[in-house]
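For reference, the structure is listed below as structure tokens.
Counting starts at 1 for both ligands and their atoms, in listed order.
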Amino acid sequence: MSNSLVDNLKKVQDAIPESVCLVAVSKTKPIENIEVLYKTGQRVFGENRVEELVEKHRVLPKDIEWHMIGHLQSKKTKKIAPFISLIHSIDSFKLLNEVNKEAKKNNRVISCLLQFHIAKEEAKYGFTEKEGLELIESEDFKELNNISIAGVMGMATFTDNNAVVRNEFITLKKISDKLLLISPSSKIISMGMSGDYSIAIEEGSTMIRVGSTIFGSRN
Ligand SMILES: *Cc1c(COP(=O)(O)O)cnc(C)c1O
């Protein structure tokens, strides 16, 4: 079991350029699985539930970089603010404001990605291009000194149609290009999961979030 985990991780690492950051998405998976990959040098792990993230942070080595990749409710922000490395899922000004407030209490600047809605599906969270860029240019945004916008994140439609997926990633890359004109340090493009990370990298991804290909399928 642990050997196959390491093999799976190596396969993904070998398939991607060194410049692309691999977030190992460990949601629902036990502490022991994370420890196995930690021992090989993997330090970046992604989770989508606050309670699980807090518990894993509590028991695992403190040099792990924890990424929040799932929808975040404002009221739960305070639980992760002391330690979170990157929040991928900023989808409202209200949430960004709350992250700023909690970051300030912890004397930190928290790095965040703006999540954009690029998929066909209704249910996925995220800004439209217009909403996201307006937020960055607003006066309210300029007062948030304890967050930094490190880039963008998006999820493609869950489909076998690669052309659809590719087009959505191209859309996110274009949004990133526009954001960079306003905010030159917002360089990260978080796109690509187990099923579509190769396409995402071809279209300019700098950070992929891979779960099941490494850890096996989730129940
Ligand atoms: C679960 C999840 C992933 C990883 O999905 P896999 O298909 O298992 O690689 C990536 N991004 C987000 C936002 C997720 O919730």
Side-chain angles (χ1 to χ4, degrees), residues 1 4-16 20-30 33-34 36-37 42-54 56 64-73 76-77 80 84-92 95 99 111-127 132 150-162 164-166 168-169 171-173 175-176 188-219:
M1 178 58 191
S4 72
L5 275 181
V6 175
D7 289 348
N8 294 344
L9 178 72
K10 287 233 166 75
K11 272 184 208 149
V12 178
Q13 284 169 338
D14 288 347
I16 67 175
V20 171
C21 175
L22 170 58
V23 181
V25 176
S26 48
K27 63 188 185 193
T28 77
K29 298 295 177 180
N33 287 7
I34 300 174
V36 167
L37 300 185
Q42 178 69 27
R43 289 294 179 273
V44 185
F45 292 90
E47 292 281 338
N48 70 339
R49 286 187 53 248
V50 166
E51 292 75 13
E52 189 175 344
L53 180 50
V54 167
K56 284 173 172 171
I64 289 181
E65 285 179 38
W66 291 104
H67 288 200
M68 177 61 187
I69 63 169
H71 180 64
L72 177 59
Q73 286 175 276
K76 294 190 176 175
T77 301
I80 60 172
I84 199 76
S85 285
L86 183 63
I87 300 173
H88 290 232
S89 43
I90 300 296
D91 58 3
S92 69
L95 176 58
V99 173
S111 294
C112 297
L113 305 179
L114 297 182
Q115 180 170 359
F116 285 89
H117 180 104
I118 54 170
K120 299 256 180 304
E121 291 121 337
E122 267 304 314
K124 304 235 161 110
Y125 295 100
F127 294 108
V152 301
M153 181 272 226
M155 288 169 84
T157 305
F158 189 71
T159 170
D160 291 337
N161 187 336
N162 285 348
V164 168
V165 171
R166 187 178 297 278
E168 291 169 354
F169 288 149
T171 299
L172 187 60
K173 172 68 164 72
I175 294 172
S176 166
I188 296 174
I189 304 176
S190 169
M191 61 183 189
M193 313 180 10
S194 288
D196 56 20
Y197 70 80
S198 306
I199 302 173
I201 291 170
E202 285 168 13
E203 299 307 337
S205 172
T206 71
M207 183 175 276
I208 59 174
R209 311 175 307 271
V210 179
S212 46
T213 292
I214 298 171
F215 292 98
S217 60
R218 294 173 296 270
N219 299 321

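- In terms of N/O distances under 3.5 Å, ligand 1 is approached by Ser212.
- The shortest N/O to N/O separation between Gly211 and ligand 1 falls below 3.5 Å.
- Listed by atom number, the atoms of ligand 1 under 4.0 Å from Ser194 heavy atoms are 6 (P), 7 (O), 8 (O), 9 (O).
- For atom 14 (C) of ligand 1, the nearest non-hydrogen atom from the set Met68, His67, Lys27 comes from Lys27.
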For residues 20-29, tabulate all N or O donor-acceptor pairs below 3.5 Å that involve a side-chain atom, not counting sequence neighbours.
unit_1	atom_1	unit_2	atom_2	d
Ser26	OG	Glu47	OE2	2.6
Lys29	NZ	Ser217	O	2.9

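- Thr213 does not count as a contact of ligand 1, since none of its heavy atoms falls under 4.0 Å from the ligand.
- Among all non-hydrogen protein atoms, the one lying nearest atom 13 (C) of ligand 1 is Ile69 O, 3.5 Å.
- Listed by chain and residue number, nothing satisfies the side chain to side chain donor-acceptor pair (under 3.5 Å) test with Gln42 (two or more places apart in sequence, or in another chain).
- Side chain of Asn8 to backbone of Ile214: a donor-acceptor contact under 3.5 angstrom is found.
- At distances below 3.5 Å, not a single donor-acceptor pair connects side-chain atoms of Thr77 with backbone N or O atoms of Val99.
- By the 30° and 60° cut-offs, the orientation of the rings of His88 relative to His67 is tilted.
- Side chain of Thr159 to main chain of Asn161: a donor-acceptor pair is present (N/O by atom type, distance under 3.5 Å, no hydrogens or angles).
- Residue His88 places no heavy atom under 4.0 Å from ligand 1.
- From the protein, the heavy atom lying nearest to atom 5 (O) of ligand 1 is Met193 CE, 3.5 Å.
- The ligand atoms of ligand 1 that sit less than 4.0 angstrom from a heavy atom of Val210 are 9 (O).
- Residue-ligand proximity, Arg209 to ligand 1, at heavy-atom distances under 4.0 Å covers atoms 4 (C), 9 (O), 10 (C), 11 (N), 12 (C), 13 (C).
- Counting only distance, with no hydrogens or angles, the side chain of Asp14 and the backbone of Lys11 share no donor-acceptor pair below 3.5 Å.
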